[in-house]
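Here is the structure we will look at.
Every number for a ligand or one of its atoms is a count from 1 in the order of the listing. What you see below is based on every heavy atom in this structure, not just the backbone, and it leaves out hydrogens, waters and symmetry mates.
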Amino acid sequence: MHDLNADLHSHSTASDGTLDAPALAARAKANGVELWALTDHDELSGLPAARAAADAQGLAFVDGIEISVTFAGTTVHIVGLHIDPRNDELVAGIDTVRAGRELRARQMGDGLAKIGIKDAYEGAIKLAPNPNLVSRTHFGRFLIASGVAPDMHAVFRRYLTEGKPGYVEHRWAKLGDAVRWIRAAGGVAVIAHPGRYKFTPTEEYALFSEFQAHGGEGVEVVTGSHHAGDIVKYTDMALEFGMLASRGSDFHDPGESRLDLGLLPGSQPLSPRLTPVWSRWTAAELRTGSAVAVDALPE
Ligand code: AMP
Ligand code: MN
Ligand code: MN
Ligand code: MN
């Protein structure tokens with residue numbers, strides 16, 4: 001149960017990943033993933049193809065999403081797992097979150113034009129397979145291709161983060177709304193990569209307690225964004241708050257991402273003291289069309 005190679009955080013071409021569903025499913029299978037979730041940003045359209053591709057690979061699959069939220073003036077990501085992608089409340093909710101992206105992208109282009117970088121909006125759009133989901137990652141890829149910066153780390157630091165020319169302040173979903181939509185769709189809400197946020201301890205405590213008060217249940221302990229110290233810290237936080245623990249690579253692209261799909265830190269399993277989020281789902285629920293045996297899961 002604890003040593004299941006679950007990768008419950010990844011992105012496809014439906015958001016800011018560069019691989020499509022069949023390529024991701026094949027990669028997950030090749031890397032030994034035993035339970036896979038696709039969690040595109042504010043977007044559900046990739047899920048049917050991902051489930052079909054997982055079925056074709058005989059890979060157990062969970063429908064997921066990563067919702068952008070603004071909490072205490074900071075962008076926080078909430079992953080929803082085992083959601084029903086057809087749920088009206090969820091669909092309507094994330095439509096409102098996505099709606100602001102187009103204008104924001106134009107403003108990002110304007111900001112970059114002011115420092116002499118031309119046509120960044122057009123360039124980013126061309127790199128975004130889903131026109132409804134233009135993200136900073138697409139701008140990053142355009143700026144790297146234009147030779148303005150050497151890699152994603154540099155491009156975000158110089159151009160795409162707070163105070164930088166391509167950064168546009170944006171109001172995403174409210175924490176309580178994101179959790180409510182996920183729960184309405186029958187899913188489990190999980191705080192994504194908590195080690196990435198620049199909160200004070202008080203703000204972080206507020207995030208965890210408000211999240212729980214709204215019905216949020218889980219936290220990512222092992223993720224592509226966490227170093228060894230973060231894994232220890234969020235293991236303790238999960239225990240302190242009595243939260244379910246999740247693990248996921250946050251894979252976007254073979255060249256860009258710190259971790260490959262399914263190849264998490266030292267193939268690190270969750271601490272046996274934790275309750276894995278997948279303990280919520282029975283093997284029967286997770287079995288795909290081609291009847292995979294997920295031996296490590298409850299019957
Ligand atoms: P957006 O939702 O448009 O603000 O884009 C957020 C995405 O940008 C994240 O999901 C990551 O894929 C990527 N991202 C954010 N910060 C960084 C960073 N410092 N380095 C590389 N990628 C980042
Ligand atoms: Mn992303
Ligand atoms: Mn994220
Ligand atoms: Mn992500």
Side-chain angles (χ1 to χ4, degrees), residues 7-19 24 36-44 46 50 64-71 73-81 94 97-109 111-112 120-121 124-125 127-144 149-164 166-173 178 189-198 219-220 222-227 246-261 264:
D7 192 331
L8 302 179
H9 190 149
S10 63
H11 297 272
S12 76
T13 46
S15 67
D16 59 349
T18 57
L19 302 187
L24 281 171
W36 172 45
L38 181 70
T39 55
D40 278 310
H41 297 286
D42 309 320
E43 180 61 276
L44 298 161
I65 189 163
E66 183 174 20
I67 302 181
S68 312
V69 160
T70 302
F71 179 82
T74 296
T75 300
V76 166
H77 287 166
I78 301 298
V79 162
L81 295 173
I94 61 156
V97 183
R98 243 190 345 250
R101 280 191 180 266
E102 165 69 18
L103 177 61
R104 171 193 187 235
R106 288 182 187 278
Q107 292 170 338
M108 287 172 66
L112 291 164
Y121 169 76
I125 290 280
L127 295 175
N130 177 355
N132 294 324
L133 211 294
V134 184
S135 81
R136 284 186 290 162
T137 317
H138 299 110
F139 279 85
R141 291 187 187 129
F142 169 76
L143 294 173
I144 293 166
D151 56 42
M152 274 290 179
H153 182 73
V155 99
F156 269 83
R157 193 163 44 79
R158 293 184 206 161
Y159 299 102
L160 301 177
T161 43
E162 217 173 318
K164 299 301 155 68
Y167 185 79
V168 174
E169 185 83 50
H170 192 75
R171 185 57 71 103
W172 301 107
V190 173
I191 299 175
H193 43 64
R196 261 174 62 170
Y197 312 126
K198 294 182 176 67
V219 58
E220 284 184 350
V222 179
T223 104
S225 311
H226 284 180
H227 296 277
S246 190
R247 76 198 287 275
S249 58
D250 204 1
F251 177 77
H252 285 74
D253 171 82
E256 286 168 16
S257 296
R258 195 158 79 86
L259 294 185
D260 203 335
L261 203 56
L264 278 78

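Atom 19 (N) of ligand 1 has as its closest protein heavy atom Phe156 CB, 3.6 Å. Atom 2 (O) of ligand 1 has as its closest protein heavy atom Arg101 NH2, 3.0 Å.
Residue His252 touches ligand 1 through its side chain alone, judged by heavy-atom distances below 4.0 Å.
Of all protein N/O/S atoms, those under 2.8 Å from the Mn ion (ligand 4) are His9 NE2, His11 NE2, Glu66 OE1, Asp250 OD1, and waters are not counted.
Between Trp36 and Leu24, the shortest heavy-atom contact is CZ2-CB, 3.7 Å. Nearest heavy atom pair, residue Ala149 against residue Tyr159, reads CB-CE1, 4.3 Å. Across all their heavy atoms, Asp151 and Ile144 have their closest contact at C-CD1, 3.5 Å. Residues His11 and Leu38 share a closest heavy-atom pair of C-CD1, 3.9 Å. Here the shortest heavy-atom pairing between Ala192 and His9 reads CB-CE1, 4.1 Å. Of all non-hydrogen atoms in Pro131 and Pro129, the two that sit nearest each other are CD-O, 3.4 Å.
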Quick one, His193 with Glu66, criterion side chain to side chain contact (heavy atoms under 4.5 Å, CB included). Give me CA distance, side-chain angles, the key distance, then yes/no. CA-CA 11 Å; His193 43 64; Glu66 183 174 20; 3.3 Å; yes
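Side-chain contact, Asp250 with Thr223: no donor N or O sits under 3.5 Å from an acceptor N or O.
Interface atoms of ligand 1 facing Asp16, defined by a heavy-atom separation under 4.0 Å, are 7 (C), 10 (O), 12 (O). With ligand atoms numbered from 1 in the order given, ligand 1 contributes 15 (C), 16 (N) to contacts under 4.0 Å with heavy atoms of Arg196. Ligand 1 places these atoms under 4.0 Å from at least one heavy atom of Thr137: 7 (C), 8 (O), 12 (O), 13 (C). Against a heavy-atom cut-off of under 4.0 Å, Arg136 is close to the following atoms of ligand 1: 1 (P), 3 (O), 4 (O), 5 (O), 6 (C).
Of the listed residues (Arg104, His41, His11, His170), the one carrying the non-hydrogen atom nearest atom 1 (P) of ligand 1 is Arg104.
With sequence neighbours excluded, no residue forms a side-chain hydrogen bond (donor to acceptor under 3.5 Å, both in side chains) with Ser225.
Among the heteroatoms counted here (N, O or S) of Asp16, OD2 is the one nearest to the Mn ion (ligand 2).
Screening Arg98, His77, Arg101 for a side chain to side chain donor-acceptor pair (under 3.5 Å) involving Asp42 leaves a single residue, Arg101.
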